[in-house]
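In what follows, a structure is listed as structure tokens, so that the remarks can point back to it.
All figures in this text were calculated on a predicted structure; none of them were measured in a lab. As a basis for the values below, the full set of heavy atoms in this structure was taken, side chains included, without hydrogen atoms, waters or symmetry mates.
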Amino acid sequence: MSVETAQKQSMAFQAEVKQLLQLMIHSLYSNKEIVLRELISNASDAADKLRFEALANGALYENDSELKIRIAYDKAARTVTISDNGIGMSRDEVISHIGTIAKSGTKEFFNALTGDQAKDANLIGQFGVGFYSAFIIANKVTLTTRRAGTQEAVRWESAGEGDYTIETVEKSARGTDIVLHLRDGEDEFLSDWKLKTIIRKFSDHITLPIVMKKSEWKDGAEVPTDEDETVNKASALWARNKNDITEEEYQEFYKHVSHDFENPLAHTHSRVEGKQEYISLLYIPSRAPFDLYDRERRHGIKLYVKRVFIMEDAEKLMPQYLRFVRGVIDTADLPLNVSREILQSSRDVEAIKAGSVKKVLGLLEDMAENKPEDYTKFYQEFGRVLKEGPGEDFANKEKIAGLLRFASTKADTDAQEVSLKDYISRMQSEQDVIYYITADSFAAAQHSPHLEIFRKKGIEVLLMSDRVDEWLLGSLTEFEGKKLQSIAKGDLDLGKLESDTEKEIQKKIEEDSKSLVERIKQSLGDQVKDVRVTHRLTDSPACLVSDAHELSGNLARMLKAAGQKMPETKPILEVNPTHKLVKRLESEAVESLFGDLAHVLFDQALLAEGGTLEDPASFVKRMNSLIS
């Protein structure tokens with residue numbers, strides 16, 4: 001940083017911002033209209049923030065409560081100006097929000113770039129970098145702003161290269177003025193008709209009036225008059241009759257509230273009357289934001305009371321597992337001085353939340369049933385977040401469970417397309433439980449030795465490998481009266497799926513193997529809780545299982561990796577006496593060799609289920625001695 005004067009400073013951009021500016025200037029020319037759309041949207045947000053802060057401090061209006069956005073152009077100077085009388089920014093806020101954008105996900109923005117200019121341009125805004133789109137059409141941007149309630153105004157200016165200047169200036173009115181000094185060849189934006197067309201196309205739904213001077217034709221040229229006109233409808237779109245709103249208007253409003261430039265997958269617009277009166281307009285995005293799995297990041301719903309903006313990201317209006325939902329809720333019942341503390345304990349808010357959740361889940365059910373391709377796309381983006389639902393929302397647990405999808409041994413691919421209803425419809429006539437297995441990867445689940453008897457008998461098993469699956473199964477224990485049962489926990493009992501003859505054969509094998517089981521148990525000592533003959537394996541020599549009421553091996557490893565202190569639990573080793581390796585073990589008379597073989601058997605079973613060896617060197621040493 002170098003100080004030019006006592007008032008004016010020249011400061012360097014953050015390195016990532018330099019990259020971004022070069023991209024804006026040299027690459028993203030495919031949709032120049034996004035510039036005006038993004039800057040108008042930012043101006044609207046500034047007005048919303050002023051309304052919210054003014055609830056507690058009405059003096060912030062400074063005797064000017066008529067909020068608006070003004071667009072003007074100057075052909076002689078070749079500039080376009082976007083002005084608002086919203087909250088404005090302080091010097092520190094300008095430096096924080098414009099000089100650096102580390103919090104905006106710039107790295108993720110670059111990682112998401114495809115090389116397709118049209119698609120890449122649509123990523124602006126979604127990653128909080130919309131202001132910089134100004135440099136697509138401008139070779140210099142001048143921003144002058146004064147925060148409501150303060151006297152100091154600042155001017156920020158940059159040519160979109162390596163640095164920017166910032167200085168203290170005077171500004172009589174609060175708010176922000178952004179002046180775009182247009183590049184050569186961008187004269188189309190110096191047209192009254194062009195600017196108004198863009199506003200009506202992309203920003204008609206903005207609730208603030210967007211004002212321009214009326215123009216008239218003189219001597220073959222557009223000349224601004226002194227009379228103002230409101231270009232947009234300036235009415236709350238959600239408050240209009242659904243029959244009067246086009247699909248394009250719904251889509252553009254979504255882009256405004258979400259800062260996403262792709263169309264949503266679906267939306268639901270409803271008016272509720274009765275005990276609580278409110279309007280909700282809720283959207284399902286088509287793509288997950290980069291910070292979807294940051295549960296601390298507040299997302300989603302804007303709250304209005306009688307068309308007056310109250311707060312953004314009203315987390316109490318939508319549960320965490322639906323944090324991807326975007327939209328607005330406008331209620332007539334909450335007091336205008338509503339605060340976060342009131343929201344946390346308000347019965348009205350709880351009723352609105354319950355109704356909104358019901359609407360979203362109904363929308364997803366309709367999509368799953370009538371638009372399966374759209375639902376598949378939704379689930380690929382948001383399925384893992386939806387799996388958090390049964391543990392958070394007991395009232396809707398069954399409904400959420402019906403929306404979940406899993407991979408299974410039927411298709412034997414990692415595509416999560418099988419619903420619990422699909423599974424139940426294919427269950428064998430004697431089957432009364434839903435079988436599943438969890439693992440830390442799809443490959444580990446798909447190739448688990450625990451599946452062998454199920455594959456042999458043609459019994460479908462759900463293959464669960466998302467990290468959230470263990471959380472899900474802690475609360476989702478049954479569906480439509482069918483119990484969910486892990487094939488890697490407890491003593492396997494296939495019940496009527498096994499014939500009496502098979503059960504007799506198993507009993508005889510267990511009897512004949514008692515001495516072998518006892519020798520293995522003595523050899524492994526406290527490494528195992530128990531050793532027993534398996535009913536699960538047909539091709540593998542051994543596997544590890546957990547007791548019915550203990551944590552699965554996969555969950556125990558996940559919690560340990562997360563730094564959680566776990567009560568020490570020992571696995572149960574199940575051996576397959578018909579396997580060649582176990583037969584060799586049974587016939588080994590030398591105790592030292594028997595011990596080596598028993599430990600190798602245990603270590604192999606641990607590796608097969610995705611575990612890690614506590615003493616890899618000893619395993620290698622034993623293997624080398626056995627094969628040499």
Side-chain angles (χ1 to χ4, degrees), residues 24 28-48 68-73 75 79-84 117-126 129-138 178 180 182-183 185-215 222 224 228-265 267 269 281 283 285-286 302 326-328:
M24 295 293 182
L28 299 182
Y29 283 100
S30 58
N31 186 5
K32 297 176 185 180
E33 293 174 347
I34 65 174
V35 176
L36 207 58
R37 176 163 72 176
E38 186 64 22
L39 296 179
I40 288 174
S41 184
N42 289 348
S44 173
D45 288 346
D48 282 346
K68 65 179 71 173
I69 300 168
R70 181 175 292 279
I71 311 293
Y73 65 96
K75 285 188 176 181
T79 61
V80 174
T81 302
I82 300 95
S83 303
D84 69 73
Q117 289 187 12
K119 290 181 180 177
D120 289 347
N122 288 342
L123 293 171
I124 299 171
Q126 182 181 351
V129 296
F131 172 80
Y132 297 94
S133 66
F135 289 100
I136 293 176
I137 63 171
I178 299 174
L180 308 180
L182 298 180
R183 297 179 180 281
E186 303 298 346
D187 289 10
E188 63 177 315
F189 291 95
L190 298 173
S191 160
D192 179 83
W193 176 84
K194 175 67 173 179
L195 293 175
K196 288 176 180 175
T197 298
I198 294 173
I199 292 167
R200 291 185 179 118
K201 179 179 178 183
F202 293 118
S203 305
D204 213 38
H205 56 270
I206 299 289
T207 55
L208 290 179
I210 302 173
V211 176
M212 287 184 68
K213 294 294 184 183
K214 280 187 176 179
S215 287
E222 289 177 314
D228 284 343
E229 71 169 320
T230 299
V231 182
N232 64 326
K233 290 181 180 175
S235 63
L237 177 135
W238 62 86
R240 288 159 52 190
N241 190 301
K242 286 193 286 187
N243 297 330
D244 298 333
I245 306 173
T246 66
E247 187 61 28
E248 289 74 19
E249 286 178 310
Y250 274 125
Q251 291 173 358
E252 287 308 320
F253 183 73
Y254 163 75
K255 292 170 185 176
H256 166 66
V257 296
S258 68
H259 291 285
D260 187 356
F261 283 78
E262 292 191 30
N263 290 331
L265 273 178
H267 67 265
H269 186 187
L281 176 52
Y283 293 90
S286 58
K302 291 190 174 188
R326 300 289 184 265
V328 300

Taking only residues two or more places apart in sequence or in another chain, which ones pass side-chain contact (heavy atoms from CB on, under 4.5 Å) with [X]?
X      : result
Asn241 : Asn243, Asp244
Thr230 : Pro209, Val211, Asn232, Ala234
Lys201 : Glu33

Using salt bridge (Lys or Arg N to Asp or Glu O under 4.0 Å) as the criterion, list what pairs up with [X], not counting sequence neighbours.
X      : result
Lys75  : none
Lys242 : none
Asp228 : Arg70, Lys213

Applying side-chain hydrogen bond (donor to acceptor under 3.5 Å, both in side chains), name anything that partners [X], two or more places apart in sequence or on another chain.
X      : value
Tyr254 : Asp260
Asp192 : Lys196, Ser215
Ser41  : His256
Thr207 : none

Here the salt bridge (Lys or Arg N to Asp or Glu O under 4.0 Å) pairs for residues 248-259, sequence neighbours left out, are Arg37-Glu252, Lys233-Glu249, Arg240-Glu249, Glu252-Lys255

Just jot down the ring-ring contact (aromatic ring centres under 6.0 Å, His included) partners of Tyr250, sequence neighbours excluded, or say none.
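Testing Tyr250 for ring-ring contact (aromatic ring centres under 6.0 Å, His included), a comparison that skips the adjacent residues, returns His267, His269.
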
